[in-house]
Structures are given as structure tokens and as C-alpha cells.
Amino acid sequence: MQRRMQDVEKVVLPSGMTLLLLSDDSLPVVACQLWVKVGSGYEPSHEVGISHFIEHLVFKGTRSFSAEALNREVESAGGSINAFTSMDVTGYHVVLPKQHIDLALKILIELVQVPTFPDNEFDREKQVILEELAEEEDNNEITLGQRLFNSAFQDDPYANPVIGYKHTVTALTLPRIKAFFKAYYTPPRMVLAVAGDFDIQTVKTKVSKQLHASPNRDLAAIDREVQPLKPGFRWDWLCKGSEESAIEIAFRLPAMAHQHTAYLDLAANILGGGECSRLYQQLCEKDGLVRSIDATYFSQRRHSLLLIRALLTDGDFSQVYNKIARICQEMRDSAPSPEEMQLAKVTVEKDLMFETETYEGIANNLAFYETTVDDCMWERFYLKSVMAAKAKEVGKVCQAYLRPDNIATVGLSPTALKPPFKADELEKLLVSAFNSKPVSPKPCVVDPPQKSTAGRRLQQQANILIRSTASPIATIFLTMPGGLLCENQHNNGIGQLALAMLATATSTQSALQLAKSMTLLGAEFEASLGRSSIGLRMDLPSRYVESGVDLFLEVVAAAVFQQPAFAREKVFQLQEIRSQQDSFETICLNNLLSQLFVDHPYGLNPIGATESVDRLTLDDVSKHYWNNILSQPWTLAVVSSQKPEQVRRNLESKLPGQSLPIAAAAKTTFTEHQDNKRVVATIPGKKAYLYFGWRTPAVSQGLWPALEVLTGILTGFGGGKLYHRLREELGLAYTVHTVAYHGSEAGYFAIQVNTTPDHVEAVIAETEAILATASKETWVASELQRAKNYLIGSYDIELQKSATQAMHMAINHQFGLGADLGVYSQAILNVTTSAVCQTVVDFLQPEQMVLSLLTP
């Protein structure tokens, strides 16, 4: 996609709606985002959640589309539709193949102009929202974040949860919903952003014809006047059964349109924007007090925040608060170094580039800037401000805003009955820390590692796949077989620990040097462990792909495993294992897989068990990486805007000629689980979590396309029969999802449903009833084409991303499917009705099912 924000055409229609249009024919895809300037920040206290309720309710039908037809029409066109509500806006978005843009425009405009608001759907959708609310209350991260907003914004409507409170949602009536909709859903409050392959004049004409004007209203009369936030230290604490210790800190800031925004964004990056940042280097690398910490700039239309979030390793809240406050004081005392400014500027530019890799990202940014700062082209001004910023200016904004009396903070205590200190005690601690001497001069610098022994090398026999793309983002992706297949009960978690130690040091660079090298390239590195393979990935701007390849190969083939990094990462992984107990969905899935794959590596937890990880040594991990991970046959895919021949020549000059022996593949067997087994566990939450699961054949048996189609038939993105039955018709669940995993030795098919405890048996009965029809050819035939179109369209839309292209090329090649990106779509097209039905008969029968259930 070569055309960017400078090619945007902005039009204000006679009705008052703002159109933002960017036409680009690089890919046959169109993304449409229609945002309405109303969110939770506009709601009176007795109606908190009404904007979010309207977002749900408009999908219950419009003048031309029934509730079922809205999702199904878009999925049949190979696209997806969704919506969101925030503090400032309610957004509706559709992305689909370019030939269906008329459908996208018609649906979006009808959603915001002529929803039917059927009486018989109101109470049912209210129940779905209450289920969603209960699901959020079970999530510690969401609950903690909302507590922080309550404290930071206090009397401002921004303090309220977007979803609402139980009592306000329960009290809402349909007449009030309609009145609120009429007041706020008017064309002058609407922004429609369209990006992709389309004709600008045609879109302007079609929207003008479909959009009817609303009576003129005094917009200022219904918009809330912006009041300054009250100063003062504020705090809150969450005490509940939890395995995680966490704190969040917010410094209150002005609106995004403020002149200090660029400096505040840079300050957040220097403070906690990645592994080079001051907070990460001190609290994570040097002190080991946290397993993760970051600082971000949260920008909104009326007020903004500088947010600091930390997950603690041992619950030493006083130490963490003290160190964070002292580092913030350092930011106030002295201007950032030239190196820090350079790293922060590269990061801001990189983030903006990553955000607009897809047409959805472009349309989203256009709508965000227009609704937040009243200027869709604001990004260009903003980036210029960032690049021109001086260190002394960043220092001045830190002096202005990073103050103890400008702090709101919340914490999460694991299994504690009361907070670790009182509000006045914490305030005194922070004030004292702010007044103390600096904790360290500038960011902490770690000692460089010693040279590695022979410089480990990738084996010679490899598969290299190269592809050119229109995206400005490049991806380098390496995959090899193994993953959990290389583990057992005794060493479970060793692969995850080995991958976590990558990028902690190489034979020539320390962890900090490595982090700086990646930041200067705008690169992001990620290592993931699967059940049948591992994946190593680097994303970066295409213009740096040659240097990126060098750095990627160094991280992979010249890694150095050192004791300090090992000890730290081991502590972090053990904490992560404990923290999984706070995620009920993860517990439910792990319980399911442990029964589907009894005595087989696929049933292991990818991050390990406490007992097995605790006994691992540095030597164990190092040997596992070199002998069981890196020694496997590997496939490397590079996708960038550079010419493939140039990339190949560079790779061939870098790859060594020395090879390592290939480790013998582990021989595994399956133990049959008990037929129709239920795995039930009790949890302290408010919701019930279900996973229905079946074991399925290995990918080599060729049944994976039929299973993929079945996911589309049952749920899709909201148009599937099971989704519609459980959520839309009966209101039994908020979350209804299917997944088909295809491994080298076996796979699994699972259905996830989150519901209330009193609906569990009804959910089980309805799910089994729908599955029983999935073996009937007449029923499947009626759903087949929609599911195919949805799957292929979703796949094609995802191919906008270089990462998707690289991963599919490499993984498909590894599984023997070929590297052609058309393999998936062709396989889905070839699926027949009888193939789906036979797969259900052979593998998804009730007697073969395992049900994992968590309930209060």
C-alpha cells in the first residue's frame, strides 16, 4: 500500500456527516469505519452503559436486515463486521472484498440511522450485557484498570466503566434507549472512514443517497462541558483471591489535542516503552522486582493519562512503588539523553507505521484523529512534532505532570484480606521517594556477556521462502518442528524457558545492547512455542530488512545463555504459571487438553508446571535449545517490499555452511480418555466456563479443511448457527467460540462458551442439539457456502499483513502443504457437504467428547 494519509479526501456532506476517503488499489479489500461521537463520557450517572447497550441493540435488526441477516450477509460476502464503545465514541466497522462495498455502506448506515429496536429483543440483550459484565468482573486485569479510571477521573464521566454498572444497565428502558439514540445518532456527529480499493466519487454518491438528514440540533447543548480534573493523590486497592500481584499508576494529563502531547508520548517511551526504558532496565533487568512493566500514553478527547503497569514477582509493593517514584523523579530532574530521545522517536514512528499496515488500521486512525482532535490529518503534524522535539521540552513536561499530587494508583494483592498499607502511608512513601536522590544515573547499563564458544550456527539444510509485498512492514519468520513434542512431564516448560532467554544476550551483544539494536531498527522480536513446532518472528520496517536479517540470525544462532538471565526468566515463568490460575478460560482449556491427550505431550501446559520448571537448570535449557530446538530442520520465510532476488542474495551470504546433527523425532503414543467425560472444577468467579472438545486427526490425514469449515458453520464471526442460537436467540451466553487445531500428530476441535451457572445445563443441551444436526447433509449444505466465503474472505483480509504471509508460507511448507498462499483457500473451496458430515460422524460424536467445566 503505497498511498498513505496524504492522499485522504475529506468531505462534509450536506447532512453533516464527515467522509474520510483513501483509495488504494494495492489489495482487493475495503475497510469501512463509521464512528459516532458518543460514548460513556457523555452519559448521565444514572444511565452509565447506555451507549454500549445501544451498540448491542442496533445489531438486533434494521429496516432491511434482520438480526441474523446482518452477520450472515457480511460473512457470505467474505467479510466481518463488529463494533465497539469507548469513552468518546461508538464505532461500527466492516471489512470485506472490494466488490461488496455497497453492502458494507448499506449495513453501516442502516445501523446508525434506522435500527428497529424490537421490543422482544430488549430484555434478552440486557441479559447478554449483564453476562458480559460478569465476565469482565472475573478478569482481574479489566477490574484493576477500571478501578484506576475510577480513581484517576473521579467525578468526570470518564471514571465510569464503558459497559456500565449492574444497577444502571438493569434500570435502562427501551424508551430511554430510543431517546438517547435520537439525540446523539445524528449525521453531524458521524464520521465515515473508508480505505482500500474503491472509487471515491461512487462512495460519496452512494452515501449521500442513503443518508437522510436529521433535524438540526445544538450539539453543544448535549455535549458535556470539559471540566478540569481535580488535583490530589488518589488510590484504590483490589483484594481478592489471586495469584498475581500488580500495580497501576496514572498521571493525569490534558486532552490529546494539547501542545504537550508529543513530548508526553516521548516521555512515556523513555520511562517504560520497551526493554531499553528506565523502568524496565531498573525494576526488571537489574532488581528483578517485576516480571513486566511498561508506560504508555493513553490519549482521549477530554483528558489523557500516562499509565504505568507492573506485574510483581514477589509482592514487594513498597519497593516497587519506591523505585518507580524515584525514576519518575529522575525524569523531572534531568532531561533525557540524546540516545534516549533517538530511541523514543524511532519507537513512536514505528508504532504509527505498524498501526497503518492494513486498510482497517488506516481507516481506524483516520476516524480516531477526526473524532479526537477534529483533524484526520493530525498524524502528519504529530509526527513532525515528535521528530522536532528537544530533550529539554520533554524534561519540562515531566516536571509539570510527573508529581506525587497528580497520581492515581491501584493495586492487586494476592489472597490478601486488606491492602498492604493505608492511603496516607502510600502517599508518604511516594512523596519521600520523589524527594530522594536519584536511584541511578540515566538508564541502567548491564555488563556485556563473554564471547560464546564456537558461535552456534543454523544447520545448512534449510528451506528459504521469499515473497515481495506492498506492505511497508517486513516479517522474518523461522519455524521448525518440535514444540511440546520435545517435552515430557519431567521437563515440561523447558522449551518456553529456552525461548524466553532468546534476545537476552548474544555472543557480541548484551541484553541492553540487543534491545537498542532492535529499537533503532524499529524491530519487534517474538518467540512462540506450539504443540508441534516453534516459531521465531521479527517484524520491522521493510527499509531495514537487510539489517533485520543480520540481527535475527544473530539472536537465533548466536544466543548466549547466562545464569543471571536464566534465574530471572525462571522466576518470571514460575510466576506466570501461578498467574494462570487467575484466568478461568485458560484453566478450562488446559483441563480439557489434559484429558484429550492423556500421557501425550499435547496435553501438557505450554508454559510448564511448577514442579518441572523448578527443577530445570541452565545446562538443561541450553542443551535443549541447541540439541532439540535449533537442530531440527527449519524453514525461513521473509516477506518485505524489497526485491526477492536481493533478499535471497543477502540470506545466502549470511547463512553458514556448517550443520548440526538432526535430533531424532520423539515417538509418542495416545492413551484413550474415558468416554463422554466431564472434568469439573470449582472457581471463585461469577461465571461458568465450558469447553467441549474432541480429538481429531493429524494434519497429514487431510481432514483439516472440513474441520475449518465446521468452525465457520457453527460460529463464524457471529453468523454461525450455534452462535446465533446461544447468544442471539436465547441470550444464554456472551462468548461463543470454536477452534480447530491441526497438529503433526493429532489435533482437537473445541467449542468455548462462557455463561452463567444457572444456564450451564441449557447450554450443554442446546450445543449437543446443534451438533447433532451437523451430520445432516441438508442442514450442512444450507450453511456451507456462507462458511466458506467467511473463512476465505477472513484469510484474504489477514494477508494484508506481512506477518500472516510469512507464517502461512513457512508453516504450510513445514506441514507438507506447500508454500503457496493459495493453499488454504483452495482447500476450503474443495470441502464438500458430505466431507463435513462424515467428519462429524467419525470424530465429533457425544461419546467421544470431553467436557471441561468451571463453575462457582
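Source: prediction; values computed, not measured.
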Quiz item: Which distance, rounded to the nearest 0.5 Å, do you find between the CD1 of Ile109 and the CG of Leu192?
Solution: 6.5 Å

Quiz item: Backbone N or O of Ser51 within a donor-acceptor pair of the Glu43 side chain at under 3.5 Å?
Solution: yes

Self-check item: Pairwise side-chain contact, Ser802 with Ser471, heavy-atom cut-off 4.5 Å (strictly under)
Solution: yes

Quiz item: About how many Å separate CD of Glu75 and CG of Leu96, when rounded to the nearest 0.5 Å?
Solution: 11.5 Å

Quiz prompt | Exercise: identify the closest heavy-atom pair between Val394 and Pro336 | solution = CG1-CG, 3.8 Å

Exercise. Compare every heavy atom of Ser825 with every heavy atom of Asp796, then report the nearest pair and how far apart it is.
Key: OD1-OG, 3.8 Å

Practice problem: Please examine the side chains of Arg537 and Ile476, heavy atoms only from C-beta on, and report whether any two atoms are closer than 4.5 Å. | Solution: no

Exercise. Taking only Lys NZ, Arg NE, NH1 and NH2, and the carboxylate oxygens of Asp or Glu, determine whether Glu524 and Lys350 approach each other closer than 4.0 Å.
Key: yes

Quiz item: Side-chain donor-acceptor pair under 3.5 Å between Ser542 and Gln642, yes or no?
Solution: no

Quiz prompt | Tyr790 and Phe717 aromatic ring geometry - parallel, tilted or perpendicular at 30°/60° bounds | solution = tilted

Practice problem: Decide side chain to side chain donor-acceptor pair (under 3.5 Å) for Tyr369 and Asp374; before the verdict, give the C-alpha distance in whole Å, the side-chain angles of both, and the deciding distance to 0.1 Å. | Solution: CA-CA 6 Å; Tyr369 295 137; Asp374 302 317; over 6 Å; no

Exercise. State whether a side-chain donor-acceptor pair under 3.5 Å links Asp88 with Tyr158.
Key: yes

Self-check item: Donor-acceptor contact below 3.5 Å, side chain Thr475 vs main chain Ala803
Solution: yes

Quiz item: Hey, is the main chain of Arg63 close enough, under 3.5 Å, to the side chain of Thr116 for a donor-acceptor pair?
Solution: no

Quiz item: Is the backbone of Asp265 close enough, under 3.5 Å, to the side chain of Asn269 for a donor and an acceptor to pair up by distance?
Solution: yes

Exercise. Give, for atom NZ of Lys37 and atom CD of Glu370, the distance between the pair rounded to the nearest 0.5 Å.
Key: 6.0 Å

Quiz item: Only one of Leu19, Val191, Leu20, Leu366 forms a side chain to side chain contact (heavy atoms under 4.5 Å, CB included) with Lys10, so which one is it?
Solution: Leu20

Quiz item: Is the backbone N or O of Pro118 less than 3.5 Å from a side-chain atom of Glu121, with the two atoms forming a donor-acceptor pair by type?
Solution: no

Quiz prompt | Close side-chain approach of Phe65 to Ile107, heavy-atom, < 4.5 Å | solution = yes

Quiz item: Are His56 and Glu132 close enough that a side-chain donor and a side-chain acceptor fall under 3.5 Å?
Solution: yes

Self-check item: Name of the residue among Leu34, Val12, Thr186 meeting side chain to side chain contact (heavy atoms under 4.5 Å, CB included) with Met17
Solution: Leu34

Exercise. Return yes if a side-chain donor-acceptor contact under 3.5 Å exists between Asn789 and Gln785, otherwise no.
Key: yes

Self-check item: Between Thr356 and Asn365, a side-chain donor and acceptor under 3.5 Å
Solution: no

Self-check item: Heavy-atom pair of closest approach, residues Phe198 and Leu22
Solution: CE2-O, 3.2 Å

Quiz item: Taking it one step at a time, do Lys204 and Glu9 satisfy side chain to side chain contact (heavy atoms under 4.5 Å, CB included)?
Solution: CA-CA 11 Å; Lys204 287 193 290 187; Glu9 182 170 337; 2.8 Å; yes

Quiz item: When the ring planes of Phe153 and His303 are compared, do they come out parallel, tilted or perpendicular, using 30° and 60° as the limits?
Solution: tilted

Practice problem: State whether Asp820 and Arg467 are salt-bridged, where the test is any N-O pair (Lys NZ or Arg NE/NH1/NH2 against Asp/Glu carboxylate O) under 4.0 Å. | Solution: no

Quiz item: Should we say atom NZ of Lys178 is surrounded by more than 12 heavy atoms from elsewhere, each under 6.0 Å from it?
Solution: yes

Quiz item: Going by atom types only, do Thr261 and Tyr297 share a side-chain donor-acceptor pair under 3.5 Å?
Solution: yes

Practice problem: Check whether any side-chain N or O of Ser794 sits under 3.5 Å from a backbone N or O of Leu791 as a donor-acceptor pair, and report yes or no. | Solution: no

Quiz item: Between Tyr795 and Tyr824, does the ring centre distance come in under 6.0 Å?
Solution: yes

Self-check item: Min side-chain heavy-atom separation Met87-Arg301 under 4.5 Å
Solution: no

Quiz prompt | Qualifying salt bridge (charged side-chain N to carboxylate O under 4.0 Å, His left out) pairs, either residue in residues 91-104, two or more places apart | solution = Lys98-Asp197, Asp102-Lys206

Quiz item: Are side-chain heavy atoms of Cys398 and Tyr263 found at a separation under 4.5 Å?
Solution: no

Practice problem: Find the distance between CG (Leu111) and NZ (Lys60) and round it off to the nearest 0.5 Å. | Solution: 12.5 Å

Quiz prompt | Carboxylate-amine/guanidinium proximity below 4.0 Å for Arg543 and Glu349 | solution = yes

Quiz prompt | Phe117 CZ: over 12 foreign heavy atoms closer than 6.0 Å | solution = yes

Quiz item: Would you say Leu799 and Leu27 make side-chain contact, with heavy atoms under 4.5 Å?
Solution: no

Quiz item: Which heavy atom in Val386 sits nearest to a heavy atom in Lys345, and how many Å separate them?
Solution: O-CE, 3.1 Å

Quiz item: Tyr42 ring centre to Arg189 NZ or CZ under 6.0 Å, with the angle to the axis within 45°?
Solution: yes

Practice problem: Show the numbers, then the answer: is there a side chain to side chain contact (heavy atoms under 4.5 Å, CB included) between Met190 and Trp35? | Solution: CA-CA 6 Å; Met190 297 177 184; Trp35 291 22; over 6 Å; no

Quiz item: Does the Arg309 side chain pair with the main chain of Asp294, one donor and one acceptor, at a distance under 3.5 Å?
Solution: no

Quiz item: Are a donor atom and an acceptor atom from the side chains of Thr358 and Gln800 found within less than 3.5 Å of each other?
Solution: no

Quiz item: Atom CG of Leu13 and atom OG of Ser208: how far apart are they, to the nearest 0.5 Å?
Solution: 4.0 Å

Quiz prompt | Any donor-acceptor N/O pair, Gln113 side chain to Pro187 backbone, under 3.5 Å | solution = no

Practice problem: Walk me through it: do Val89 and Ser86 pass the test side chain to side chain contact (heavy atoms under 4.5 Å, CB included)? | Solution: CA-CA 5 Å; Val89 300; Ser86 72; 3.4 Å; yes

Quiz item: How far apart are the C-alpha atoms of Leu57 and Leu174, what are their side-chain angles, what is the distance that settles it, and do they pass the side chain to side chain contact (heavy atoms under 4.5 Å, CB included) test?
Solution: CA-CA 10 Å; Leu57 210 54; Leu174 188 55; 3.9 Å; yes

Quiz item: Say you draw a straight line from CG of Leu829 to CD1 of Ile792; how long is it, rounded to the nearest 0.5 Å?
Solution: 3.5 Å

Quiz item: Does one side chain, of Glu55 or Thr90, offer a donor that lies under 3.5 Å from an acceptor on the other?
Solution: no

Quiz item: Side chains of Ser304 and Phe298: closer than 4.5 Å at any heavy-atom pair?
Solution: no

Self-check item: NZ or CZ of Lys182 within 45° of Phe180 ring axis and under 6.0 Å
Solution: no

Quiz item: Is the shortest heavy-atom distance from the side chain of Val194 to the side chain of Tyr359 under 4.5 Å?
Solution: no

Quiz item: Closest approach of Gly79 and Ile797, non-hydrogen atoms and distance?
Solution: CA-CD1, 4.3 Å

Quiz item: Looking only at side chains, do Tyr723 and His737 share a donor and an acceptor under 3.5 Å apart?
Solution: no

Quiz item: Taking all atoms of both residues into account, what is the closest heavy-atom pair of Arg786 and Ser76, and its distance?
Solution: CG-OG, 3.3 Å

Quiz prompt | Phe84 ring center near His52 ring center (under 6.0 Å) | solution = no

